[in-house]
Structure formats: C-alpha cells, structure tokens
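Please read the structure below before turning to the comments.
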Amino acid sequence: MTATLVKETSPPPPRLTPPARARRMRRRGRIVALLFVLPALLLLGALVVYPVLFSVGRSFFDASGTRFVGGENYSEMFRDPATLKAVRNTAIWVVVAPALLTGLGLILAVLVEKIRWATAFKLLLFMPMAVSFLAAGIIFRLAYDEDPDKGVLNAAVVSVHDAFKGTSAYPNARARDGQGLTGGEDGAYRTSASVSPGDTVALGLVGVAPKALPADAEPAYAAAARQAAPGELRGVVYLDFTPGGGGEQGRVDRQESGLPGVTVEAVRDGRTVATTTTASDGSFRFPELADGAYDVRLPGSNFAAPYEGISWLGPALVTPAIIGAYLWIWTGFAMVLIGAGLATLPRDALEAARMDGANEWQIFRRITVPLLGPVLTVVFVTLVINVMKVFDLVYIIAPGPVQEDATVLATQMWLVSFGGGNNQGLGSALGVLLLLLVVPAMVFNLRRFRRSQR
C-alpha cells in the first residue's frame, strides 16, 4: 500500500484593509508614546500627585497623625489669628504685586523701544532673575537695615533728611544737676535763676566726648571772662570737663572748650524775645535787651537724637518692603514678556494713528494697551500664581519679632508644620487651601493659552 503524503500548506495571513492598518499604526504609536512618557508620569505621580493626595488625607488627622478629626483642622485654620493675618497678607500680595509688576513691565517695555541701548537696558533689568530668592533676601535684609551705617536705604534717607533739616551736634549733652540749669519735658534747659541785661552767665554741659567736639571749637575761658555791656546779656556755653582730670565743676577752666553752634534763646514771660547761636568759643550775646528779668534757654533741638531713618522692617512697613524686593526681581520678567508682545503689534495701525494726529499718550492708551490685552492678562495671572507661593523672601527678610506681621500662607504652612508648631495636620490643611487658591488661576491661564493656540 502506497502512502501518499499530502503536503499541508498554511493559509496566507489575511490582508489588512487600509483602515485596519491605520488603526494598528495608531495603536502602536500610542504604545511607543506611552513608553516615552512613562518615566515623566512616574516622576509626576511621585513628586506631585502623591504629595497632594497625601496632604489632603493628612489634613483630616490631628497633629500626631493617628486620630481622625474630620474638618477640625479647616475650622481651626480660620480661628487662628496668625492664619487670618497670613490670609490678609496673601491678599495684599495678590492685589498689589502683580498689578505693580504688570504696570511697570508695560511702561518699561514701551520706553525701552525708544532708547538706543535697549538690549543693554533689558539685560540690566533682567539680571535680578538670575539671583536666587535666598540671595535676594539676604541683599535686601542688609539694604533695609535700620542702622544708617549698614542699611543703604536708611543711609540715603538720613542724608536727604539732614541736608534739609540738619542734625544736632550734641545729642548726648546734658546739664549737671545743681549747676544753674534746669531741664524741661521737651528736652530743653533753662537757667534756674532769672538774669538781667548786664549779666554774664556760664552754662556748663557734660556728656560730650572731647573727640566729638567740632573741629572749630576753641577754649571758653576768655569768653567767660568778658563782661557784658550795659543793656547786653552775655554768656558762654561750654563743656564742663577738663581733659586729663582736675578743674572745678560749674566754673570755666582754662582747658575747657566752648560748644559752638548751640542755639540760645532769651525768654521773658514765657515768650522768646531773642535768639542767637554760640560762636566757636561758645560765647553768645543778646544786645539791646529791655530792662527786666529773663531766662536763658537752650532749646531741645540742640540735644535731639540724630535722625535714624525709617524702620523698613517694622510691623507697619515689612510687607511693602518685601514686595519691593519682589518687584526688583520680577520687573525684568514682566518687561521682557510684554516687550515680546509689543514687538508683534501691527505697526501700520500705530503709524495710521500718528498720521491721523494722535499723540503718543492716546496711541498708548487706545491702541497699544488694548492690543496687548491678552499678553497683559497672561503676565498678570502668571504673577498671581507666583505670589501665592512666595516663601523665601518673606522668611529671610522679615526679622523674627515681625515674622508674624509679614507671614503669608506659604510661610505660615511651614511654621505650623515644621517651624515650631509641629502640627502637620493643620499645616496640610493650609497647603490644601493654598492649592485651592492657585488652581483657578492655573485653569484660567491654561484655557487662555489653548484659546490663543487656536
């Protein structure tokens, strides 16, 4: 019997129609794209999604994290005065900083177009963006120092103040008790006993270091020895201290110096009738005074403490001062973005407006600003998102005693969680609140971006 071998052949694979082939290619493309995106998705989940979900869950537990408290942390958040102050300060930041930055950026972007060294100017304004918030905070903490010898801003303020109002040469001077001068509540000194024309008075002061005397100060001994002419009241204001020791209190010794530049008043019946200033040897005179009893008065302005400037980091100004530091960093950012939008404006519209007789202000207000509306909105919303998260500047610039006066939601969240509060349940609730405040601005920005892409 002959076996007949039948060769079995497999059927050919079905041929894919073009639509099926296209679907397979799309599916394969999605798989490849997912493989490329997967590492980024894993990082996003580990660094963003998981912390957000964990913080939301942690906000429903107590400080130890073991007892479920529901919404107690959220209610406590709005009962805490420090948190309410942080919400208020955050609102100030959101209202003031983005508006100022957008306005400054717009003005600078328009002005930069009209100067020759536009690129160098833009670079100069954009350079602070390269400085970290930590370094910028340290810079402005020193700039805002209340001591004029350290803080550059107060040094400038004091210089301007002293140029217009002057300053006292003897802020530490005082009179000896029982030596003929009586102090008043306003810091002034007056003679204990009345004097009359024809008298000579010696007014001794102490508390002035010899090395702090003006360079033109001369010995007061000769001036104290001069006698007053008829109808004249004469005297000397001197430093009642003999270098090296010795001398007699209340008496002008040969080595004792006069105090030049001291304002002296002759007072009668509570009214100042004459004013003069001491000479280099401390002498003064009131000629042609009417007969009667007078008091010699040294006004308190002679002994006023020197002007120390402005308390930039005090409770009243600490938040505006920190916003000023923020403006220094981000003004270049706003200017560059708005400048990029300005470069895309149709020049024919601007030229047509100029030919129709519009001035530059009218062109700016009625053409430039409306056409830049989408760019200004994006810049403003971006800055709103940024200021809601500000932390470094507030934490570094604000001194410890006024930290609570300057706190915002981000710093308050850190302080409550790790900066001594050790209540991570309440800190997580603050973090959730901050997220809820930021999300609407982010959604608005994304929608606007997608709309502009279309």
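We number each residue from 1, following the sequence as shown.
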Rounded distance [0.5 Å steps], [atom1] in [X] versus [atom2] in [Y]:
| X | Y | atom1 | atom2 | answer |
| --- | --- | --- | --- | --- |
| M77 | L84 | CE | CG | 9.5 Å |
| L298 | T191 | CG | OG1 | 9.0 Å |
| T102 | F380 | OG1 | CZ | 6.0 Å |
| L259 | S280 | CG | OG | 11.5 Å |
| F364 | L372 | CZ | CG | 8.5 Å |
| L342 | L106 | CG | CG | 8.0 Å |

Do [X] and [Y] come within less than 4.5 Å of each other through their side chains, counting heavy atoms only?
| X | Y | result |
| --- | --- | --- |
| V432 | L436 | yes |
| E308 | P306 | yes |
| F133 | F391 | no |
| R297 | V264 | no |
| M129 | F126 | yes |
| D145 | N154 | no |
| P210 | F241 | yes |

Ignoring hydrogens and geometry, is there a side-chain-to-backbone donor-acceptor pair from [X] to [Y] under 3.5 Å?
| X | Y | answer |
| --- | --- | --- |
| T411 | T407 | no |
| T272 | E265 | no |
| D392 | L134 | no |
| N73 | S59 | yes |
| D356 | A358 | no |
| N89 | A86 | no |

Within residues 156-188 or reaching into it, pairs that qualify as ring pair (Phe, Tyr, Trp, His ring centres under 6.0 Å) - sequence neighbours excluded
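Of all non-adjacent pairs touching residues 156-188, those that pass ring pair (Phe, Tyr, Trp, His ring centres under 6.0 Å) are H161-Y307.
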Partner set under salt bridge (charged side-chain N to carboxylate O under 4.0 Å, His left out) for [X], not counting sequence neighbours:
| X | answer |
| --- | --- |
| E404 | none |
| R354 | E351, E360 |
| R88 | none |
| R347 | E113 |

What is the minimum heavy-atom distance between [X] and [Y], and which atoms define it?
| X | Y | result |
| --- | --- | --- |
| P260 | D216 | CG-OD1, 3.7 Å |
| P171 | A304 | CB-O, 3.5 Å |
| G357 | Q362 | O-OE1, 4.4 Å |
| G309 | V157 | CA-CG1, 4.3 Å |
| A173 | F303 | CB-CD2, 3.8 Å |
| A398 | A406 | CB-CB, 3.8 Å |

Just jot down the ring pair (Phe, Tyr, Trp, His ring centres under 6.0 Å) partners of F78, sequence neighbours excluded, or say none.
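Here no residue qualifies.
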Would you indicate whether [X], at its atom [atom1], is surrounded by more than 12 heavy atoms from other residues, nucleotides or ligands within a distance under 6.0 Å?
| X | atom1 | answer |
| --- | --- | --- |
| K122 | NZ | no |
| M442 | CE | no |
| Y50 | OH | no |

Give every donor-acceptor pair under 3.5 Å between a side-chain atom in residues 415-429 and any protein atom, sequence neighbours left out.
{"residue": "S417", "atom": "OG", "partner": "M413", "partner atom": "O", "Å": "2.9"}
{"residue": "N423", "atom": "OD1", "partner": "G425", "partner atom": "N", "Å": "3.3"}
{"residue": "N423", "atom": "OD1", "partner": "L426", "partner atom": "N", "Å": "3.2"}
{"residue": "S428", "atom": "OG", "partner": "Q424", "partner atom": "O", "Å": "2.7"}

Decide side chain to side chain contact (heavy atoms under 4.5 Å, CB included) for V408 and V387; before the verdict, give the C-alpha distance in whole Å, the side-chain angles of both, and the deciding distance to 0.1 Å.
CA-CA 10 Å; V408 291; V387 299; over 6 Å; no
Just jot down the side chain to side chain donor-acceptor pair (under 3.5 Å) partners of T275, sequence neighbours excluded, or say none.
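Scan of T275 (side chain to side chain donor-acceptor pair (under 3.5 Å), adjacent residues dropped) gives none.
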If we check side chain to side chain contact (heavy atoms under 4.5 Å, CB included) with L205, which of these qualifies: N172, L239, V237?
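Checked N172, L239, V237 against L205; only one passes side chain to side chain contact (heavy atoms under 4.5 Å, CB included): V237.
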Enumerate, atom names and distances included, each donor-acceptor pair closer than 3.5 Å involving a side-chain atom of residues 319-339, sequence neighbours excluded.
{"residue": "Y326", "atom": "OH", "partner": "N386", "partner atom": "OD1", "Å": "2.5"}
{"residue": "T331", "atom": "OG1", "partner": "L327", "partner atom": "O", "Å": "2.5"}

Do the side chains of D240 and R174 get close enough for a salt bridge, i.e. N-O under 4.0 angstrom?
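The answer is no: the pair does not qualify as a salt bridge.
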Do T182 and Y189 pair up side chain to side chain, a donor and an acceptor below 3.5 Å, judged on atom types alone?
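Side chains of T182 and Y189: no pair found under 3.5 Å.
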Answer yes if the side chains of T277 and T263 hold a donor-acceptor pair under 3.5 Å, and no otherwise.
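There is no such pair (donor and acceptor under 3.5 Å, judged by atom type) between the side chains of T277 and T263.
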Can you list the steps and then say if S257 with Y238 is a side chain to side chain contact (heavy atoms under 4.5 Å, CB included)?
CA-CA 6 Å; S257 176; Y238 69 102; over 6 Å; no
Show your reasoning for whether side chain to side chain contact (heavy atoms under 4.5 Å, CB included) applies to M388 and L409.
CA-CA 8 Å; M388 282 188 185; L409 282 174; over 6 Å; no
With salt bridge (Lys or Arg N to Asp or Glu O under 4.0 Å) as the rule and sequence neighbours excluded, what pairs involving residues 363-377 come up?
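Pairs touching residues 363-377 that pass the test: none.
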Enumerate the residue pairs fulfilling salt bridge (Lys or Arg N to Asp or Glu O under 4.0 Å) with a member in residues 46-62, sequence neighbours excluded, ordered by first and then second residue.
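Found D62-R67.
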Test side chain to side chain contact (heavy atoms under 4.5 Å, CB included) on Y395 and Q403 and set out the steps.
CA-CA 7 Å; Y395 186 73; Q403 186 74 250; 4.3 Å; yes
Do the ring planes of F140 and Y144 sit parallel (below 30°), tilted (30 to 60°) or perpendicular (above 60°)?
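Correct class here is tilted.
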Sequence neighbours left out, cut at 3.5 Å: what donor-acceptor pairs do the side chains of residues 38-47 make with other protein atoms?
none

